[in-house]
Peer 1: 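One structure follows; several queries about it will come next.
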Amino acid sequence: MKKVFLVTGFTLLSGVTVFAQKDELKSLKKIYSRSEVSAKDVTEYKNLVQKLKPIASEEGDKIYAAFYEANTPMVEIIALGQTATPEAMVGLVSPKKISDFALAATAVLDYEKKLGKKVITDEILQRYQFAKPLILSYAVGLGEQKQFAGTSEILYAMYVLDKNDPEKLYFAANYAVNAKDYDTALKYYDELKRINYSGEGTAYFATNVANDREESFNSKADRDRFVALKTHVKPREEKIPSKRGEIYRNIALILVEKGKVEEAKTAIKDARAANPDDTSLIISEANLYLQTKDFATYKALVKESLAKDPNNKDLIFNLGVIAYNNKDLTEAENHYKRVIEIDPTYANAYLNLAILKLDGEKELVEKMNKLGNSDADNKKYEVLRKQREDMFKGAMPYLTKTVELQPDNIDAVSTLYN
């Protein structure tokens, strides 16, 4: 009889634990679902999270316990109400907390999808869509403060929460590069490679009548709606080129940085095999061979790229950049001028021509400053001064055109003024 009582008692005790954790989950869900939360609710929420963590034993309970814990900052922010200013939220939000929330929320979404039963899936997705602009604004703010690692972490978390927005992954990778976290950048670029992200599309613009500034829109429908309201005029569209070349180039450069040159070459070759019509990959491969000083292969790839698409202004512009970096100024100038022939509004081609015309100006100034006051030195000075003046005269038309096309280009305006 004692054995029966002991077993029954254990079973009852176990049952109490199960019911207890179910009660905690119900209470947490109740607070989580509220649109308004009090300070008392926050305290109760935190206590429930701490009580649930050690007793959650089943897979689902562990997943929900982790989610509600990661969601704590959101409950605290909601409790702030009208006082939820950026200053008040300092300490409640961080890249790590946003990343933890993204992973915990995704685990819940995957679990409920597997069960075929939505418990809080819709609420998670709705709340994320509401919070998305705020999170993005926070990431942009960190980026402006040059906190690149944090920006990258947040953007990756946004991608984790919405895999239909791979652009966030692309920028997360770029910010990881800026943070010099090459291992993380490589991980993100490999994911972009796996999903075959290109970033190709169309950008939509129109000029705001109120301030006469051109603005971009998320879609043609959005742009056309403002044009129909007559708040915007001069609608135009611009093709967004493929980013595959840049992605594979960065993969290759990171691999080269790690001393894995052959892996880098294989990565580019695989990319071209998978995307034979993507001409941006040719220039990326050419750039890789330029980096490794294999000039014969570099020149062959340049010829191939021009043969495939002789009027691709972006490709020709990139060839000009590579030629300039290789100190082949004549070839670079020819490429930039060819770009302008194809598209007379290509501002960066004018700017780079101006930079090209000013190439060597620093060295001239150094020579002039080293001269003495003898008659011979004075004559040399005049020759060098004339050369420098000719440089400025050569650059001015291109700088003037750049400023005409891009009046907000501070560097071009400043250089032209000088």
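What's counted below: heavy atoms across the whole structure, side chains too, no hydrogens, waters or symmetry copies.
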Peer 1: What is the minimum heavy-atom distance between Ala332 and Leu356, and which atoms define it?
Peer 2: CB-CD1, 3.7 Å
Peer 1: Would you call Glu214 and Arg236 a salt bridge, taking side-chain N to carboxylate O under 4.0 Å as the test?
Peer 2: yes
Peer 1: Side chains of Asn174 and Tyr189: donor-acceptor distance under 3.5 Å anywhere?
Peer 2: yes
Peer 1: Decide, yes or no, whether a salt bridge links Arg225 with Asp222 under the criterion of side-chain N to carboxylate O below 4.0 Å.
Peer 2: yes
Peer 1: State whether the number of non-hydrogen atoms from other residues, nucleotides or ligands found under 6.0 Å of Met391 atom CE is greater than 12.
Peer 2: yes
Peer 1: Any salt bridge linking Lys393 with Glu389? Criterion: basic side-chain nitrogen under 4.0 Å from a carboxylate oxygen.
Peer 2: yes
Peer 1: Between Gln406 and Tyr350, does any side-chain donor sit less than 3.5 Å from a side-chain acceptor?
Peer 2: no
Peer 1: When rounded to the nearest 0.5 angstrom, what distance separates CD in Glu263 from CG in Leu255?
Peer 2: 5.5 Å
Peer 1: Return yes when atom NZ of Lys269 has more than 12 non-hydrogen atoms of other residues, nucleotides or ligands closer than 6.0 Å, and no otherwise.
Peer 2: yes
Peer 1: Are any non-hydrogen side-chain atoms of Tyr138 and Pro95 less than 4.5 angstrom apart?
Peer 2: yes
Peer 1: Ion pair present between Asp162 and Lys132, side-chain N to carboxylate O less than 4.0 angstrom?
Peer 2: yes
Peer 1: Taking the side chain as every heavy atom from C-beta outward, state whether Lys313 and Phe317 have any atom pair closer than 4.5 Å.
Peer 2: no
Peer 1: Which value, rounded to the nearest 0.5 Å, describes the distance between Ile342 atom CD1 and Ile316 atom CD1?
Peer 2: 3.5 Å
Peer 1: Do Glu404 and Lys401 have side chains that get closer than 4.5 Å, going by heavy atoms?
Peer 2: yes
Peer 1: Salt bridge or not for Glu59 and Lys62, using N-O below 4.0 Å?
Peer 2: no
Peer 1: About how many Å separate OG1 of Thr43 and CD of Glu76, when rounded to the nearest 0.5 Å?
Peer 2: 9.5 Å
Peer 1: Where do Ser305 and Val302 come nearest, in terms of heavy atoms and distance?
Peer 2: OG-O, 2.6 Å
Peer 1: Any side-chain donor paired with an acceptor under 3.5 Å for Asn287 and Ser284?
Peer 2: no
Peer 1: Which heavy atom of Pro407 sits nearest a heavy atom of Val413, and at what distance?
Peer 2: O-CG2, 3.9 Å
Peer 1: Do Arg127 and Ile78 make a side-chain contact, defined as non-hydrogen atoms from C-beta onward lying under 4.5 Å apart?
Peer 2: yes
Peer 1: Near Glu366 CD, under 6.0 Å, is it more than 12 heavy atoms from other residues, nucleotides or ligands?
Peer 2: yes
Peer 1: Run the side chain to side chain contact (heavy atoms under 4.5 Å, CB included) check on Lys258 and Ile254 step by step: do they pass?
Peer 2: CA-CA 6 Å; Lys258 289 174 166 289; Ile254 291 171; 4.2 Å; yes
Peer 1: Any chance the side chains of Tyr298 and Asn326 put a donor and an acceptor closer than 3.5 Å?
Peer 2: no
Peer 1: With rounding to the nearest 0.5 Å, note down the distance linking CG in Asp343 to CG in Asp314.
Peer 2: 9.0 Å
Peer 1: Indicate the atoms forming the closest heavy-atom contact of Pro344 with Leu405, along with that distance.
Peer 2: O-CD1, 4.1 Å
Peer 1: Shortest non-hydrogen contact from Leu142 to Gly150?
Peer 2: CD1-C, 4.1 Å
Peer 1: Checking side chain to side chain contact (heavy atoms under 4.5 Å, CB included) for the pair Leu136/Met158: CA distance, chi angles, key distance, verdict?
Peer 2: CA-CA 8 Å; Leu136 184 59; Met158 294 180 76; 4.0 Å; yes
Peer 1: Does atom NZ of Lys239 have more than 12 heavy-atom neighbours from other groups under 6.0 Å away?
Peer 2: yes
Peer 1: Does the distance from a Lys or Arg side-chain N to an Asp or Glu carboxylate O, for Arg223 and Glu215, drop under 4.0 Å?
Peer 2: no
Peer 1: Given 3.5 Å as the limit, does a donor-acceptor pair link the side chain of Thr266 with the main chain of Glu262, or not?
Peer 2: yes
Peer 1: Does this structure show an ion pair linking Arg272 with Glu304, if we count only N-O contacts that are shorter than 4.0 Å?
Peer 2: yes
Peer 1: Taking everything shown except Asn218 itself, do over 12 heavy atoms lie less than 6.0 Å from its CG?
Peer 2: no
Peer 1: With side chain to side chain contact (heavy atoms under 4.5 Å, CB included) as the criterion, how do Leu92 and Leu80 come out once you've worked through the C-alpha distance, each side chain's angles and the decisive distance to 0.1 Å?
Peer 2: CA-CA 11 Å; Leu92 298 179; Leu80 291 173; 3.8 Å; yes
Peer 1: Any luck finding a side-chain donor-acceptor pair between Tyr64 and Glu112 under 3.5 Å?
Peer 2: yes
Peer 1: With a 6.0 Å cut-off on ring centres, are Tyr324 and Tyr336 close enough?
Peer 2: no
Peer 1: Specify the closest pair of heavy atoms between Thr184 and Ala176, including all atoms of both residues, with the distance to one decimal.
Peer 2: CG2-CB, 4.3 Å
Peer 1: Check whether any side-chain heavy atom of Ser38 sits under 4.5 Å from a side-chain heavy atom of Asp41, and report yes or no.
Peer 2: yes
Peer 1: What do the steps show when you test Thr292 against Thr297 for side chain to side chain contact (heavy atoms under 4.5 Å, CB included), and what is the final call?
Peer 2: CA-CA 10 Å; Thr292 55; Thr297 306; over 6 Å; no
Peer 1: Please check if any side-chain donor atom of Tyr68 sits under 3.5 Å from a side-chain acceptor atom of Glu24, or the reverse.
Peer 2: no
Peer 1: Taking side chain as C-beta onward, heavy atoms only, is Tyr398 less than 4.5 Å from Leu351?
Peer 2: no
Peer 1: Between Thr231 and Phe226 (side chain of the first, backbone of the second, donor and acceptor by atom type, cut-off under 3.5 Å), is there such a pair?
Peer 2: yes
Peer 1: Report yes if the side chains of Val261 and Lys265 come closer than 4.5 Å at any heavy-atom pair, otherwise no.
Peer 2: yes
Peer 1: Going from CG on Leu319 to CG on Asn334, what distance comes out if it is rounded to the nearest 0.5 angstrom?
Peer 2: 12.0 Å
Peer 1: Is Lys29 salt-bridged to Glu123, going by a charged N under 4.0 Å from an acidic O?
Peer 2: yes
Peer 1: Name the orientation class of the two ring planes belonging to Phe217 and His232 (parallel below 30°, tilted from 30 to 60°, perpendicular beyond 60°).
Peer 2: perpendicular
Peer 1: About how many Å separate CG of Leu353 and CG of Leu358, when rounded to the nearest 0.5 Å?
Peer 2: 11.0 Å
Peer 1: Hey, are Asp100 and Lys96 close enough for a salt bridge, meaning a charged N less than 4.0 Å from a carboxylate O?
Peer 2: yes
Peer 1: Considering only heavy atoms from C-beta outward, does the side chain of Tyr188 approach that of Ser152 to under 4.5 Å?
Peer 2: yes
